[in-house]
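Each chain gets a letter, A, B and so on, in the order its sequence line appears, and its residues count up from 1.
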Amino acid sequence: MIEPAYWLMKSEPDVYSIDDLCRDGSTPWEGVRNYQARNFMTSQRVGDRVLFYHSNAKPPGIVGIAEVVRLAYPDASQFSPESPYFDKKATSDHPRWWHTDIGYLAHFDRIITLDELRHTPELDDMLLFKRSRLSIQPINAAMWHVIVALRKKIMHR
DNA sequence: GCCAACGTTGGC
DNA sequence: GCCAACGTTGGC
């Protein structure tokens, strides 16, 4: 059996939230226009696990899990002059931007906030803190397990 | 809404 | 290939 890889993917809830993904079941992860994020996405395989992160949210944090349901294919929006994601240097023979499809798995019972992630010593090496603008990033298996365990932890205030 | 961080573009 | 200008991300 092949082990899945783990990822963190950011979305602004005002644009596309985990509730939207829950409603849709799955969605094409269109519109990524950062090379490193694209390269990570093209290396995703069906069955890989995804931490769904709400950025530009109050508070920002991980709100649930999802999975990769379709391998990367060319992003149609790069070819549409009307689209805000249009890229005049992309051609159908040589697409520049690719994306996978992401499927809903579950909401967490609570948000695991950025602040809480920062204060979890096992997560010190998360790219989230070092490369704050990278919207798709790999997560190692140990971190994945720490995070999914955190969601069951009861917060004392 | 502000602004620091940082990725991209394009002139040279 | 450098780097200034510019645009975007995303926390606060």
Chemist: Which two nucleotides bound the region of DNA chain B that has atoms under 4.0 Å from heavy atoms of chain A, read 5' to 3'?
Modeler: B:dA5 to B:dG10
Chemist: State plainly whether one hydrophobic cluster holds both A:Val46 and A:Tyr73, where clusters connect Ile, Leu, Val, Met, Phe, Trp and Tyr through side-chain heavy atoms under 4.5 angstrom apart.
Modeler: no
Chemist: Do A:Leu21 and A:Val63 share a hydrophobic cluster, counting only Ile, Leu, Val, Met, Phe, Trp and Tyr and linking them when any side-chain heavy atoms are less than 4.5 Å apart?
Modeler: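 Yes: a chain of side-chain contacts under 4.5 Å links A:Leu21 to A:Val63.
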Chemist: Following the transitive rule for hydrophobic clusters with a side-chain heavy-atom cut-off under 4.5 Å over Ile, Leu, Val, Met, Phe, Trp and Tyr, establish whether A:Leu150 and A:Leu51 coincide in one cluster.
Modeler: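 Yes, A:Leu150 and A:Leu51 fall within the same hydrophobic cluster.
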Chemist: Under a 4.0 Å heavy-atom cut-off, which of residues 120-138 of chain A touch DNA chain C?
Modeler: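 Within this stretch, A:Ser132, A:Arg133 sit under 4.0 Å of the strand.
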Chemist: Please work out which of the three classes, parallel, tilted or perpendicular, describes the rings of A:Tyr6 and A:His145, given edges at 30° and 60°.
Modeler: perpendicular
Chemist: How long is the span from the CD atom in A:Glu30 to the CG atom in A:Asp101, to the nearest 0.5 Å?
Modeler: 9.0 Å
Chemist: Would you confirm whether A:Arg70, through its side chain, and A:Pro28, through its main-chain N or O, come within 3.5 Å as a donor-acceptor pair?
Modeler: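 It does not hold such a pair.
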Chemist: Which is more 5' along DNA chain B, the nucleotide nearest A:Arg33 or the one nearest A:Lys58? Just name the residue.
Modeler: A:Lys58
Chemist: Side chain of A:Gln78, backbone of A:Trp97: donor and acceptor closer than 3.5 Å?
Modeler: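 Here the side-chain-to-backbone pair exists.
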Chemist: Which pairs pass salt bridge (Lys or Arg N to Asp or Glu O under 4.0 Å) with one or both residues in residues 74-84 of chain A, sequence neighbours excluded?
Modeler: A:Arg33-A:Asp75
